[in-house]
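Numbering of residues begins at 1 and proceeds along the displayed sequence. It should be emphasised that the depicted structure is a prediction, and the values quoted were computed from it without experimental measurement.
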Amino acid sequence: MSMANKQRRGTSPAAPDPEVAPEHSFEGDYRPRTDEAQQTPNIRVDPLHQVEFLHTLADALNTTLDLNTLMHRVSDLVRAVIDYKIFAILLINDRTQELWMRFQIGHTPEIERTRLKMGRGVVGQSALQRRTLRIDDVSKEEHYIEANPTVRSELAVPLIVKNRVIGVFDIESEIPAYFTAEHQRLLELVASRVAIAVENARLYTRVSRQAQTLAVLNEISREITSILDLDDLLERIGQLMKRVIDYQMFTILLWNERSQQFEHRFSSRYGERIMRDRTVPLGEGIIGSAAQDRESILAPDVRKEPRYLAVNPETRSELAVPLIYKGQVIGVIDLEHTRVNYYNEDHQRTLSTLAAQVAISIANARLYQRIHEEEQRMERDLEMARQVQLRLMPPQPPKLERAEFAAQFNAARSIGGDVYDFLDYGPGRVALAVGDVSGKAAPAALYAALVSGILRSLATQHLSPAALLSALNDQLQERRLDSQYVTMLVAIWDDSNQTIQIANAGSVQPLFVSLSSSGSRTTVDIKTIQAEGFPLGLFPDVEYEEFTLSTRTGDLIVFFSDGIPDAENAKGDMFGTDRLAKVLKSQRQPTASSMVDAIQKAVSDFQSGTEHFDDETIVVLRAL
């Protein structure tokens with residue numbers, strides 16, 4: 001077969017000039033030194049020096065695993081034996097069984113891109129017959145393909161490894177009968193050793209590429225695992241896929257349980273993201289068949305694939321791999337290309353390996369998305385519950401002629417378990433209730449709403465504090481919930497005589513703050529009101545003690561939940577009743593409102609941004 005360049009060269013066998021030799025990309029790690037790769041060995045042998053030549057050949061082949069370097073050295077060694085102008089090393093593509101030029105000197109780019117079927121041309125015949133063909137006159141050879149009219153003779157030698165043809169040496173000359181039996185014998189010796197070196201270099205290159213691919217796959221797996229937004233994940237998968245498998249069209253389809261079809265979730269076409277509304281039923285087309293069979297499908301030529309559906313007319317090869325998570329097919333990755341036989345078994349194995357991690361990442365992203373949506377729904381529900389809870393509490397304290405009230409409530413979370421209320425007991429009389437439900441958040445808030453509703457229903461009977469607590473306890477016993485109870489203090493203020501009746505069901509004991517003046521000096525006296533009792537909802541038929549206290553102008557009664565003294569700072573120290581007492585004593589001529597603000601500020605400063613452990617409720621009564 002003649003594939004010579006139409007442009008004639010000189011007849012001198014001199015080596016190429018190192019200063020103008022083209023640069024080559026090497027595939028392996030064993031790259032020769034620059035001077036070694038470019039320098040042409042000055043070797044001339046005759047039949048009497050074959051041993052020396054073979055030693056030189058062995059040294060040249062055994063010191064590199066780079067295929068480009070190997071072929072350059074072989075071309076130089078062959079030139080030392082046979083003065084040629086046109087030389088080529090063709091290798092067989094195992095998948096297509098075609099011969100293609102892996103290395104050439106003297107051919108045009110058009111000829112270099114030519115693919116030859118086994119048996120076509122002199123080269124194809126040499127590979128098919130597994131023997132050397134020496135053609136003295138190509139014009140008389142029936143299999144010769146004329147690519148250069150100046151070629152007159154040709155020598156083709158097959159490269160055979162382990163009884164398998166992997167390629168062909170091809171040398172052409174413009175002189176008839178240029179190649180001799182001695183040329184043939186020497187080239188066959190070279191070919192027998194070069195074939196092994198070529199196979200080793202190809203194996204090394206394949207292993208190196210596989211190692212590089214595995215490293216890239218590992219890097220991709222780590223990156224996509226950290227992406228929890230599904231849309232961002234699918235887009236990033238498409239970008240990273242380019243690093244291991246080139247494609248022109250890329251699609252990820254996910255299974256929709258409701259519609260029982262695969263839906264396009266991400267599609268890219270020639271690097272641009274596109275939107276597709278088409279769905280794919282299970283078992284339809286290459287995509288549906290890959291999902292139904294739970295196996296990847298490689299279609300080298302979709303025109304010969306009966307399962308192919310012509311969605312993209314320009315598609316020629318396609319690779320579809322199912323995404324399987326916990327035994328269920330959750331989607332399919334589909335790659336398309338406009339070239340026939342573009343995807344091969346290596347691509348199929350690589351994509352199948354990556355598909356397992358992609359499936360896990362998609363499942364995690366979907367789970368995170370569901371959790372995020374559930375959290376948002378719960379936040380909306382909690383905010384609504386908070387608003388409902390705030391509506392259950394009095395909007396503002398009652399206004400009386402001889403007393404003033406102030407209150408403040410802060411939930412440890414969105415909603416809390418503290419409850420307080422002002423109940424109308426007729427002209428000049430107000431009942432105050434301060435309670436703390438066991439637990440926190442939504443369960444405590446719901447139980448607090450139950451307590452608040454029962455309390456208001458009982459308030460119409462104008463019961464005494466002790467009787468009101470007993471009646472409330474009985475009602476909760478009828479609606480008893482395991483491990484749920486409430487501590488509560490009830491006080492009834494009588495504005496006509498400035499007295500207060502108090503009964504306590506396990507709540508924090510209130511503080512009585514009295515102010516006395518002597519000249520310009522004001523003395524603050526703080527006492528704990530020793531009222532005690534069992535929490536509500538734990539035991540049936542409970543009776544409670546009741547105290548009546550008289551007040552003078554300026555006296556204050558401070559009611560608070562255990563969230564005030566139990567408030568902790570970053571060191572784990574509690575605010576305590578001593579610090580509370582200092583705050584109360586530091587106030588001069590306080591109002592009910594200013595006292596509430598002072599306590600709240602002191603507790604907040606003490607916590608200094610630390611997360612609140614418990615709900616905090618403060619109610620202050622001041623006699624006028």
Using atom types as modelled and distance alone, determine if a side-chain donor or acceptor of [X] lies under 3.5 Å from a backbone N or O of [Y].
X	Y	answer
S289	I286	no
N497	T499	yes
T551	Q498	yes
D495	R402	yes
H337	S317	no
R579	A602	no
Y343	I245	no
E336	M249	no

Does the pair L580 and L511 meet the rule for a side-chain contact (heavy atoms from CB on, under 4.5 Å), with working shown? CA-CA 10 Å; L580 178 59; L511 300 178; 3.9 Å; yes
So does [X] have more than 12 non-hydrogen atoms from other groups sitting under 6.0 Å from [atom1]?
X	atom1	answer
R588	CZ	yes
E545	CD	no
Y485	OH	no

Contacts of Y325 that satisfy ring pair (Phe, Tyr, Trp, His ring centres under 6.0 Å) - sequence neighbours left out: none
Going by heavy atoms in the side chains, are L228 and L233 under 4.5 Å from each other? no
Taking atom types as modelled and ignoring hydrogens, do the side chains of [X] and [Y] form a donor-acceptor contact shorter than 3.5 angstrom?
X	Y	value
Q376	R380	no
Q484	S438	yes
E543	S470	no
S561	D436	no
R236	Q239	yes

Taking 4.0 angstrom as the limit, do R377 and E374 come out as a salt bridge? yes
Applying salt bridge (charged side-chain N to carboxylate O under 4.0 Å, His left out) to D605 and not counting sequence neighbours gives K601
Quick check on side-chain contact (heavy atoms from CB on, under 4.5 Å): which of I237, V358, L354 does I220 satisfy it with? L354
Answer with yes or no after comparing the ring centroid distance for F422 and F405 against a 6.0 Å cut-off, counting only values under it. yes
In sequence, state the C-alpha distance, the side-chain angles, and the governing distance for F559 and I529, and then conclude on side-chain contact (heavy atoms from CB on, under 4.5 Å). CA-CA 10 Å; F559 306 90; I529 300 175; 5.9 Å; no
